[in-house]
Amino acid sequence: MILDRFRLDGQAALVTGGDRGLGQAIAIALAEAGADVAVAAHTGDLAATLAAIAATGRRGVALRADLADVRHAGDLVAAASRALGAVDILVNNAGIIRRAPAIEVTAIDWNAVIDVNLNAVWALSQAAAQQMAVRGHGKIINIASLLSFQGGIRVPAYTAAKHAVAGLTKALANELAGRGINVNAIAPGYMATDNTQALRADPERSRQIMERIPAGRWGQPDDLAGAAVFLASPASDYVHGHLLVVDGGWMAR
Ligand code: NAP
């Protein structure tokens, strides 16, 4: 039955940035679909996510890692595997944004964004894929962005990293599809989280953004739940290297 192919029973997931925002919603959605979920954060409080996972009857595990240092990526995958027995599903969600005019961006901010939004995605994907390849199955879901397609304003490092995540998604998909591993991405539109707080607080930018969203509203974290479960589940077994846009229609304009 088709709905059974969306179930994640017996699967173990690792979601980075799972304490708040999009990662929290994705972690809870995966648990609702039947997966046990290791949720990682840097400093954030994971209690609310763990409580929501527990309410689904699935197992939740809290992990900590500073993904600004890619050397922690392998340890994080290993910790999730130890806790849950494997990592069948990796969601590379943790990310940061630094806004400044391009001519004022500091090297520190540039490197911080590239480290968390790109280098950690690469290192986590490689570590997870090494295990998945041995088992012959796995799902890697990268959280990309509309700025995987467009240039954006005052966020050059973020745009560079998210374009690179799109390329990395396709490059890994090409190599790993034959090993039973699906690598895909979700490109969220403008979602109401801490990441976009500054935009929503700016009446002019907020108005400009809203005018271009056919759905007529900002996205909510839960709007990604269906896409995440789909890409994590057997229902997407023949989907490789795809960037699934969930944006209220922004890219269609
Ligand atoms: P958010 O609310 O700001 O949450 C960011 C998450 O990343 C937090 O869980 C945070 O953990 C984690 N994180 C940040 N730095 C980290 C580090 N050094 N080590 C480990 N974890 C770290 O952001 P969001 O809006 O949910 O965004 C999640 C993802 O979606 C990001 O990749 C973002 O680029 C992408 N995205 C967001 C939007 C949007 O409109 N919101 C649109 C497109 C794409 P702590 O709480 O522990 O710091």
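Read the numbers this way: they start at 1 and go in the same order the structure lists the ligands and their atoms. From a predicted model like this one, the values you see are computed outputs, not experimental measurements.
Protein neighbours of ligand 1 below 4.0 Å, counting non-hydrogen atoms: Gly17, Asp19, Arg20, Gly21, Leu22, Ala41, His42, Thr43, Gly44, Ala65, Asp66, Leu67, Ala68, Asn93, Ala94, Gly95, Ile96, Val116, Ile143, Ala144, Ser145, Tyr158, Lys162, Pro188, Gly189, Tyr190, Met191, Thr193, Asp194, Asn195, Thr196.
Note on ring orientation: taking the six-membered ring where Trp is involved, the planes of Trp250 and Tyr190 are tilted (angle from 30° to 60°).
Ile140 has its side chain out of reach of Thr169: every pair of non-hydrogen atoms, C-beta onward, lies at least 4.5 Å apart. Under the 4.5 Å side-chain criterion, counting only non-hydrogen atoms from C-beta, Asp45 is not in contact with Asp19.
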Handout entry: Tyr158/Arg98 under side chain to side chain contact (heavy atoms under 4.5 Å, CB included): CA gap, chis, key distance, verdict
Key = CA-CA 7 Å; Tyr158 186 89; Arg98 298 275 189 271; over 6 Å; no
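Considering only residues two or more places apart in sequence or on other chains, Lys162 meets the side-chain hydrogen bond (donor to acceptor under 3.5 Å, both in side chains) condition with none of them.
Note that the CG atom of Asp194 and the CZ atom of Arg200 stand 8.0 Å from one another [nearest 0.5 Å].
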